[in-house]
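Report on the following structure.
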Amino acid sequence: TRSRNFSYGSIDSIFLRGASPRAGQAILSAAKALAMLKHRFSLNFTDVTKVVVSCLEHRLLLTPEAFEVSSFDLSTVIGAVCERARGRNS
């Protein structure tokens, strides 16, 4: 679990409930499987971004304020987080 001092900026204020460590394991397993289906032995960031919505959308819960501010849906939010992570890793 994360302490309340942990922050991704404004992103953490829209989640009522976050993903557990098992969500990370699910993402990793699904991304590895996708890489293997593409005849590769290692995964890349694109593999992760293709499976992350499927692995997380039933595990996350947005705050009511997130729906009031904009027409957020989980796939949009997860996509924004992925883009932010891509920017940090490049």
Side-chain angles (χ1 to χ4, degrees):
T1 58
R2 296 183 183 113
S3 71
R4 292 318 273 154
N5 296 334
F6 186 85
S7 176
Y8 278 118
S10 64
I11 283 287
D12 65 343
S13 65
I14 64 172
F15 291 112
L16 189 60
R17 187 184 74 206
S20 69
R22 286 180 54 194
Q25 293 171 339
I27 294 167
L28 183 60
S29 295
K32 284 180 178 181
L34 183 60
M36 290 298 288
L37 288 170
K38 294 182 177 187
H39 305 287
R40 289 185 279 112
F41 292 107
S42 61
L43 59 97
N44 58 34
F45 194 79
T46 304
D47 297 323
V48 173
T49 58
K50 287 188 179 194
V51 301
V52 72
V53 172
S54 297
C55 292
L56 289 182
E57 67 183 349
H58 69 284
R59 299 173 193 264
L60 300 175
L61 185 61
L62 295 177
T63 62
E65 293 81 18
F67 291 107
E68 292 173 6
V69 171
S70 179
S71 59
F72 277 148
D73 65 341
L74 279 173
S75 59
T76 303
V77 173
I78 293 168
V81 171
C82 287
E83 285 303 313
R84 189 171 179 179
R86 180 184 295 277
R88 288 184 177 185
N89 291 325
S90 49

_Residues forming a side-chain contact (heavy atoms from CB on, under 4.5 Å) with Ser75, sequence neighbours excluded_ = Val53, Asp73
In residues 19-32, what donor-acceptor pairs under 3.5 Å come from side-chain atoms, sequence neighbours left out?
residue: Ser20; atom: OG; partner: Arg22; partner atom: N; Å: 3.3
residue: Ser29; atom: OG; partner: Gln25; partner atom: O; Å: 3.1

*Between the side chain of Arg17 and the main-chain N/O of Arg59, is any donor-acceptor distance below 3.5 Å?*
yes
Run the side-chain donor-acceptor check on residues 33-42: report pairs under 3.5 Å with partners two or more places apart or on a different chain.
residue: Arg40; atom: NH1; partner: Ser42; partner atom: O; Å: 3.1
residue: Arg40; atom: NH1; partner: Asp47; partner atom: OD2; Å: 2.9
residue: Arg40; atom: NH2; partner: Asp47; partner atom: OD1; Å: 2.8
residue: Arg40; atom: NH2; partner: Asp47; partner atom: OD2; Å: 3.2

*Compare every heavy atom of Cys82 with every heavy atom of Phe45, then report the nearest pair and how far apart it is.*
CZ-O, 3.5 Å
